[in-house]
Amino acid sequence: MNAITRAELAQAMQATEVRFTLNGREVSGGADETLLQIARREGVEIPHLCYKDGLDTAGNCRACVVEIQGERVLAPSCCRHPSNGMKVTTDSERAVKAQKMVLELLQSDMPEESFTVHSELDQWSLKMEVGKPRFPSREPVVSDFSHPAIAVNLDACIQCTRCLRACRDEQVNDVIGLAFRGEQAKIVFDMDDPMGASTCVACGECVQACPTGALTPARDAALNVPDRKVDSVCPYCGVGCQLTYNVKDDKILYVEGRDGPANHKRLCVKGRYGFDYAHHPQRLTVPLIRRADAPKRGDFVMNPDNVMDVFREASWEEALDFAAGKLKAILDTHGKKALAGFGSAKGSNEEAYLFQKLVRTGFGSNNVDHCTRLCHASSVAALLEGIGSGAVSNPVMDVTKADVVIVIGANPTVNHPVAATWIKNAVKNGTKLIVADPRRSDLVRLAHRHLQFKPDTDVAMLNAMMHVIVHEGLVDEDFINSRTIGYEDLKRNVEGYSPEAMAPICGIDAETLRDTARLYATSKGSMILWGMGVSQHVHGTDNARCLIALALMTGQIGRPGTGLHPLRGQNNVQGASDAGLIPMMYPDYQRVDHPGAQEKFEKLWGMPLDTEPGLTVVEVMHAAKEGKIRGMYIMGENPAMSDPDANHAREAMAALDHLVVQDIFLTETAYLADVILPASAFPEKTGTFTNTDRLVQLGRQAVPPPGQAKQDLWIIQEIARRIGLSWKYGHVSEVFDEMRKSMASIAGITWERLEREHAVTYPCPVEGDPGHPVVFIDQFPTASGRARFVPADIIPAAERPDTEYPKVLITGRQLEHWHTGSMTRRAGVLDAIEPDPVALVHPLDLEELGALPGDIITIESRRGKVALYARADESSPRGAVFVPFCYYEAAINKLTNPALDPFGKIPEFKYCAVRLTLGGTPPQQSSYGGGQILARATAGDGRTADPAR
């Protein structure tokens, strides 16, 4: 049965209403509903254990049996549908006796001491007044504590298979199975491996599904009862999963997934287990000022033994006066162009808005940027140019409505794991998945096709596909004629890009290119999702232009199940960009050099504004090295790790007259600062955050900041006040209300609505508007209302392999770690799973090098070298090596090329020439997990803390 037939069947069943009797009372429900679902809606409680919302029914525990008049046997209500005239009794003597017997039998197999206080079996036994079991218990089963995140206590397993269904059907990780038969039957991981040795990715879905404590968090969190629950949002990737913090004594015990629009209770390993960084002993808790006798900033060695020889503690008053006073002095002496600010995609929309407002009105220039410059700047440039908006056209969830999904230059199972589950669910329901990537990601095992093109040949491959669509008449003529301009130029341009001509260049045979183009063009709904494998090139804008052209020429945009979706990397990179944290745009992408936009913001902010676009991230670093930028204010960013050619970035920051860093840890960037301002972590603040789907969501404060650390909004306002701005914001909602006045896209979203509904999709131009998940339905937000085709030609990478540097370096993220690792490497479970810096190298390349997995290898480019551990990995093609950029002891961005895309000004992270050698100095042992680096800087006088805390 294909996906369309399933949908039609479900719709037909839902449309059929049935009426029947439940416990003597007439009720109604859909033919597609179960008796259990209807009973719960009617307020009738029926014990159930194998059933869980969102999972396919199994009907194997039989705790939910009910009596149906005229039937000989009791029926499991979790998988029985009603029919007209049916008479159902849930509380008859026969049904209740059977329910209680099932619960008693299951209780007899439970261990004496429960592994969790949240056992559904215990709760139902109490409700049904099931006493002490009369039956002998089974033989005890040894617990498995081999996994850092999850404890396996099969003593408490009732074989309800909820964990299996959560792993197989929801997350589609296919790790958990039910093996053997009869009394030997048991839950297994892979081939009955210890969980720690299995392919488990620690999403924790099985833990959330388990009703008895057979699977629990590994750190006894399941034995603690929280004193409050706080609904919030995940602080990591752009998917924007809603979650609930379970808090006791102002400490987060554990996290649960919440039924948000983007995740529907699902989480990944970071979202579920990466929360304890907020309580890490290395948290900055007091302002720090660089000592007059400290080593020069250019001598960058982040030495854990000399932190307090570099910095001294200060009061907030002294630190703020020093931070703002020096910035103002530079402004007065060297002029408005001498200062710059980097805001944060980790912070809230309100923080981003105030930060860019501070730079524009306080510093007097547009020299403000953030990490969007390093991830999707080229995508945004192409989207603004082509369709008039830098935002996604459709939410990720639309993959479940698509016939064909192309994922190109992205690894969602690592970078957007919950979004990846929706893709995997769609494939299981009949959607055809095409993965286009030089690397072989986990999604490939489910893909209809894997286009493993040669690195740096995106444009050749995509132009070849467009050539096929043009020459075989697969274009949507009506859409092109009514809604686009520039098609004839594109048509002429792709004439020279036949699949036969491009096959040797991109490495994909001509027939495969033709079949893929036909499949995409002719489906009822095709959707493209891409990541930084597309954008982080000198031709990143051209790559995105090609994807946009594919959608436009086939009319695959403006409908559910179609469209363009550049997956956002950080939790609020979309919102920070929307709020104007970019050098050429005011909030809502209104250009700073547009007279109308300038006039609007001058009126709103009450002062004249600079009309010249500011410098981007990499340009700021060049200007700092040249002495043109003299002072910087950096909030929550870590350019000493994230910038390309990181040594150059560190040298540039060291050359500044004054550097102010606002952060929660002593990052590599903070180590270069003149003054460090301790800020609030994600669970310590309230604000709005915008996910990759354009969904504005409310994050709520769960715990207070530690020590003297302050809210980021308070710090920004104190800096603003000291440089002469008279701001008066009280509650964060006041900042949001000002944003609504300047941003048409969110004008209809009120703070009260967010508190009530938790999430609203923009554009939402007027109050009461439901929001628009799918955009560009009738027209594009351009002056003409039409989208524009922009042809692209092949531009090679700025640096190609040669005899001296014969390999290609590709950088990216790991599943367990995020961005520069400042948060995730201080999360106990995440650091335990992936503690050491690794390079993923093809096994044959390792053999050629004479290295074994686990050996230290050195990777060297023209800009630097790092030593780290080799990991054999067939996902990387021969000749390419992949390295995550989260490890400070092997900072791979020392090697990457700062060459920029001319349009998006994004560096070429995804391609540079390197050489590999066996051996090297072992990477410095990470002390993030043990709390050694900052222990001295966060306790008392800064010299007496226990480093093992």
Side-chain angles (χ1 to χ4, degrees), residues 228-233 235 240 242-245 247 250 278 316 320 324 343-362 571-572 575-576 578-581 587-588 601 604-606 635-636 662 664 677-691 695-723 725-760 762 764 767-768:
R228 67 181 187 278
K229 293 175 177 280
V230 181
D231 290 340
S232 192
V233 185
Q242 291 189 9
L243 51 76
T244 298
Y245 289 116
V247 182
D250 285 337
W316 270 106
L320 289 167
S344 177
K346 305 179 189 73
S348 68
N349 290 327
E350 294 75 21
E351 291 164 1
Y353 177 83
L354 278 198
F355 191 90
Q356 62 87 32
K357 182 180 176 182
L358 166 66
V359 174
R360 290 189 159 109
T361 62
N571 63 312
N572 201 38
D578 296 341
L581 206 59
D588 239 12
F601 282 94
L604 179 66
W605 293 340
M635 170 191 154
Q662 179 176 321
I664 62 174
L677 307 175
S680 50
F682 189 97
E684 297 159 7
K685 66 181 72 176
T686 295
T688 62
F689 300 83
T690 306
N691 79 341
L695 194 68
V696 181
Q697 304 189 100
L698 189 60
R700 294 179 174 87
Q701 182 175 354
V703 293
Q708 298 178 39
K710 297 288 187 181
Q711 296 279 344
D712 291 86
L713 277 179
W714 181 86
I715 301 172
I716 297 169
Q717 290 186 74
E718 288 298 309
I719 294 288
R721 185 169 64 84
R722 283 168 169 79
I723 62 173
L725 299 173
S726 54
W727 290 355
K728 293 182 180 178
Y729 298 100
H731 191 263
V732 60
S733 61
E734 296 176 22
V735 183
F736 184 76
D737 284 340
E738 183 178 313
M739 293 171 63
R740 292 177 59 208
K741 294 175 184 175
S742 67
M743 300 172 64
S745 62
I746 64 169
I749 305 175
T750 65
W751 190 265
E752 292 73 24
R753 182 177 177 183
L754 286 172
E755 288 186 321
R756 184 176 64 252
E757 299 180 16
H758 310 296
V760 182
Y762 81 74
C764 182
E767 291 186 25

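For clarity, every value in this text was computed on a predicted model and none was experimentally measured.
Between Arg753 and Glu767 the shortest side-chain heavy-atom distance does not fall below 4.5 Å. The side-chain heavy atoms of Asn572 and Glu351, taken from C-beta on, include no pair separated by under 4.5 Å.
Remark: Lys710 does not engage Glu718 in a salt bridge, criterion side-chain N to carboxylate O under 4.0 Å.
Between the side chains of Asn571 and Asn691, no donor N or O sits under 3.5 Å from an acceptor N or O. For Asp231 and Tyr245, the side-chain atoms include no donor-acceptor pair closer than 3.5 Å. Counting only N and O atoms by type, the side chains of Asn349 and Thr690 include a donor and acceptor under 3.5 Å apart. Side-chain atoms of Arg700 and His758 include a donor-acceptor pair closer than 3.5 Å.
For Ser344 against Gly636, the heavy-atom pair with the smallest separation is OG-O, 3.4 Å. A pairwise comparison of heavy atoms in Gln356 and Pro587 identifies NE2-CG, 3.7 Å as the closest pair. Residues Ser742 and Phe601 come closest through the heavy atom pair CB-CE2, 3.5 Å. Taking all atoms of both residues into account, the shortest heavy-atom contact from Gln701 to Pro705 is NE2-CD, 4.0 Å. Across every non-hydrogen atom of Phe736 and Leu754, the tightest pair is CZ-CD1, 3.9 Å. Nearest approach of Gly687 to Trp751, heavy atoms of both residues: CA-CH2, 4.2 Å.
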| field | Full working for side chain to side chain contact (heavy atoms under 4.5 Å, CB included) between Ile746 and Val760 | value | CA-CA 9 Å; Ile746 64 169; Val760 182; over 6 Å; no
| message | Test side chain to side chain contact (heavy atoms under 4.5 Å, CB included) on Val247 and Val703; report intermediate values, then the result. | response | CA-CA 8 Å; Val247 182; Val703 293; 3.9 Å; yes
| said: Run Leu698 and Val233 through side chain to side chain contact (heavy atoms under 4.5 Å, CB included) and show every step you take. | reply: CA-CA 7 Å; Leu698 189 60; Val233 185; over 6 Å; no
| request: Decide yes or no on side chain to side chain contact (heavy atoms under 4.5 Å, CB included) for Ile716 and Gln662, but give the supporting numbers first. | output: CA-CA 9 Å; Ile716 297 169; Gln662 179 176 321; 4.2 Å; yes
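Of the inter-residue distances, the one linking Leu713 atom CG with Phe355 atom CZ reads 12.5 Å to the nearest 0.5 angstrom. In this structure, CG on Leu320 lies 8.5 Å from CZ on Arg721, to the nearest 0.5 angstrom. Atom OG1 of residue Thr244 and atom NZ of residue Lys229 lie 6.5 Å apart, to the nearest 0.5 angstrom. Here Leu695 contributes atom CG and Thr688 contributes atom OG1; the two are 11.0 Å apart, rounded to the nearest 0.5 Å. Atom CD of Gln717 sits about 12.0 Å away from atom NZ of Lys728, to the nearest 0.5 Å. The CG atom of Asp250 sits 5.0 Å away from the CZ atom of Arg228 when rounded to the nearest 0.5 Å.
Note: Trp727 and Tyr729 have perpendicular aromatic rings, judged against thresholds of 30 and 60 degrees for the angle between ring planes. The aromatic rings of Phe689 and Phe682 sit tilted, their planes meeting at an angle between 30° and 60°.
Not one N or O on the side chain of Glu738 forms a donor-acceptor pair closer than 3.5 Å with the backbone of Val735.
Asp712 pairs in a side chain to side chain contact (heavy atoms under 4.5 Å, CB included) with only one of the listed residues (Glu684, Met635, Lys346, Glu350), which is Met635.
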